[in-house]
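Read through the structure below, which is laid out as structure tokens, and then see the notes.
Numbers here simply count residues along the sequence, with the first being 1. For ligands, and for the atoms within them, numbers begin at 1 and follow the listed sequence.
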Amino acid sequence: MEINKNVEDDGVIFMSIKGNEESAETKDKDVTILAIESSCDETAAAVVRNGREVLSNIISSQIALHTVYGGVVPEIASRKHVEKINGCVRAALSEAKLTLKDIDAVAVTYGPGLVGALLVGVSEAKAIAYATKKPLIGVHHIEGHISANYIENKDLKPPFACLVVSGGHSHLVIVRDYGKYEIIGQTRDDAAGEAFDKVARAIGLGYPGGPKIDKAAKEGNPDAFTFPQAKIAGAEYDFSFSGLKSSVLNYINQAKMQGQELNQNDVAASFQKAVVQVLCDHAIRACKEYGMDSLAIAGGVASNTALRELMEKECAANNIRFYRPSPVLCTDNAAMIGAAAYYEYLKGNVCGLDLNAVPNLPLGDRERRYHANEKR
Ligand code: KG4
Ligand code: ZN
């Protein structure tokens, strides 16, 4: 996959990702979807054909703007989305060499996420759907992350197990069918990515923590410290990362009080090992218990090198097919929203123009999410 990057005057990084176009030929029943994502700090637009071919994938990342504050500032995120969204949509269409006339539907993430950020994408998608009279498809952000796996793995079909680990979510899901999710485990407190971000801040690596811990851990000893595993008694598939995070923070405070020098790399590697081990244990056990022969990972934390390596090894040892998106498709992007939207389009799951942003939208409850009389 080829990524062309350009840092704009305001510090926002504009990326165009290429390499999944497949053939340029179009067939009569092809479905081409313009997808939009703006739930957090990435403004993104993509054109996706038949759910699995990415004709264009544009990401405008605000990470650099939020770094000085140590995390995403919702107000700044919303304002930047407003500034960037039209440019992203234009770039996505132009890279796909298409115009709005060639699009069959407009898809957008409408939750969960930051409400002000989501509203920008939802308003943009509604405006385009209204002006072009094309169907509007609302997509759940996590459903998008899971569907990122379809893009590079043409053979992947439900049912399969999926571990979704991002900045806001840690879910273990059985994907029963397209759009049908059974959540069998989730975090009781912090999400996995959140734990990475908090520990990175505590050891002085800064934001965003996940990639920084990943890099530092490569130079550290994962067995330097034994941090507790994020398990919960009596809830086999749930996670709890706040205990692990507190244990790392306690160690740091103690080391400081005793005047010991903190080895960032060793702490990063040992913390990462504890997280990755529990994610992998739960996922493999779930595959066995639920009779799943395929396991996918998704979300920002799925780009973690140690997680990918351990999952690969454990899946091979347990005869489970392992799927993971390229790192750039693990973190937020609109191609994954276009992939998820395709299967909703086939089912006729379209929304009305009263679609709203839903910051705490639950996964796996599509019937409740759509109102029957909104279909057109
Ligand atoms: O999926 P995502 O881009 O946004 C959300 O939907 O939350 O995930 C962002 C999260 C952040 O917490 C970030 O630190 C984490 O994913 N992350 C990583 C890595 N890359 C991103 N965590 C561990 N290792 C990485 N390489
Ligand atoms: Zn995400």
Side-chain angles (χ1 to χ4, degrees), residues 13 15 17 35-44 57 59-63 66-67 70-72 74 77 108-114 117-118 121 139-149 162-171 186-187 190-203 205-218 220 222 230 241 244-245 268-269 271-280 297-311 324-337 339-340 359-361 363:
I13 302 169
M15 285 180 271
I17 298 111
I36 295 171
E37 153 69 41
S38 70
S39 64
C40 191
D41 58 348
E42 261 96 26
T43 325
N57 189 12
I59 303 171
S60 174
S61 171
Q62 309 172 6
I63 280 187
H66 299 282
T67 301
V72 178
V108 65
T109 306
Y110 73 108
L114 302 169
L118 287 164
V139 175
H140 190 289
H141 183 73
I142 296 301
E143 182 171 20
H145 274 302
I146 295 170
S147 306
N149 280 285
C162 188
L163 172 74
V164 191
V165 271
S166 71
H169 299 87
S170 301
H171 280 127
Q186 53 193 308
T187 183
D190 293 348
E194 204 177 343
F196 269 93
D197 293 335
K198 287 178 179 169
V199 167
R201 195 179 308 149
I203 59 175
L205 289 173
Y207 173 85
K212 294 199 167 151
I213 290 206
D214 195 342
K215 195 163 166 235
K218 291 194 174 112
F241 294 106
L244 167 60
K245 177 198 68 192
F271 159 77
Q272 180 176 270
K273 182 182 172 186
V275 176
V276 162
Q277 193 69 53
V278 76
L279 293 176
C280 197
I297 55 173
V301 182
S303 59
N304 182 269
T305 322
L307 178 66
R308 293 163 87 88
E309 279 171 11
L310 187 65
M311 283 282 195
R324 73 266 184 282
S326 289
V328 74
L329 293 175
C330 287
T331 42
D332 289 350
N333 66 85
M336 67 185 196
I337 303 303
N360 55 357
L361 186 67
L363 180 70

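Ion pairing of K218 with D214 is present here, as a side-chain N (NZ or NE/NH1/NH2) and a carboxylate O approach within less than 4.0 Å.
Pairing each heavy atom of P222 with each of K273, the nearest pair is O-CD, 3.5 Å. Of all non-hydrogen atoms in C330 and S303, the two that sit nearest each other are SG-N, 3.9 Å.
Here C40 does not reach the Zn ion (ligand 2): none of its N/O/S atoms is less than 2.8 Å from the metal. Among the atoms of H145, an N, O or S atom falls under 2.8 Å from the Zn ion (ligand 2).
A donor-acceptor pair under 3.5 Å is formed between the side chain of N149 and the backbone N or O of I297. Without hydrogens or angle criteria, Q272 side chain to A269 main chain gives no donor-acceptor distance under 3.5 Å.
Taking every non-hydrogen atom of G168 and a distance limit under 4.0 Å, the qualifying atoms of ligand 1 come out as 7 (O). Atoms of ligand 1 lying under 4.0 Å from at least one heavy atom of T331, given by number and element, are 3 (O). Taking a cut-off of under 4.0 Å to the non-hydrogen atoms of H145, the atoms of ligand 1 that pass are 1 (O), 6 (O).
Among protein heavy atoms, the minimum distance from atom 12 (O) of ligand 1 is reached at D197 OD2, 2.8 Å. In terms of protein heavy atoms, atom 21 (C) of ligand 1 is closest to G300 O, 3.4 Å. Scanning the protein heavy atoms around atom 24 (N) of ligand 1, the nearest turns out to be N304 ND2, 3.0 Å. Closest protein heavy atom to atom 20 (N) of ligand 1: S303 OG, 3.2 Å. The shortest contact between atom 6 (O) of ligand 1 and any protein heavy atom is with H141 NE2, 3.1 Å.
For G167, a nitrogen or oxygen atom sits less than 3.5 Å from a nitrogen or oxygen atom of ligand 1, counting backbone and side chain alike. Residue D332 has at least one N or O atom closer than 3.5 Å to an N or O atom of ligand 1. At least one N or O atom of D214, backbone or side chain, sits closer than 3.5 Å to an N or O atom of ligand 1. For ligand 1, the polar-atom distance check finds no N/O of E42 at less than 3.5 Å from any of the ligand's N/O atoms.
Taking 4.5 Å as the limit, every side-chain heavy atom of T331 sits out of range of all side-chain heavy atoms of E42. Contact of the N57 side chain with the N333 side chain is registered, since non-hydrogen atoms from C-beta on lie closer than 4.5 Å. Residues H145 and D332 have side chains in contact (heavy-atom distance under 4.5 Å, counting atoms from C-beta outward). The shortest side-chain heavy-atom distance between F196 and F241 does not fall under the 4.5 Å cut-off.
Taking only non-hydrogen atoms, the option from P327, A306, G210, G193 nearest to atom 23 (C) of ligand 1 is G210.
By the 4.0 Å heavy-atom criterion, H169 is excluded from the residues contacting ligand 1. Taking 4.0 Å as the cut-off, P211 counts as a neighbour of ligand 1 on heavy-atom distance.
Take the N/O/S atoms of D332: the one nearest the Zn ion (ligand 2) is OD1.
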- Task: Carefully, step by step, assess I213 and V199 under the rule side-chain contact (heavy atoms from CB on, under 4.5 Å).
- Result: CA-CA 8 Å; I213 290 206; V199 167; 3.9 Å; yes

- Would you check, one step at a time, whether the test side-chain hydrogen bond (donor to acceptor under 3.5 Å, both in side chains) holds for S39 with E37? CA-CA 6 Å; S39 64; E37 153 69 41; 2.6 Å; yes

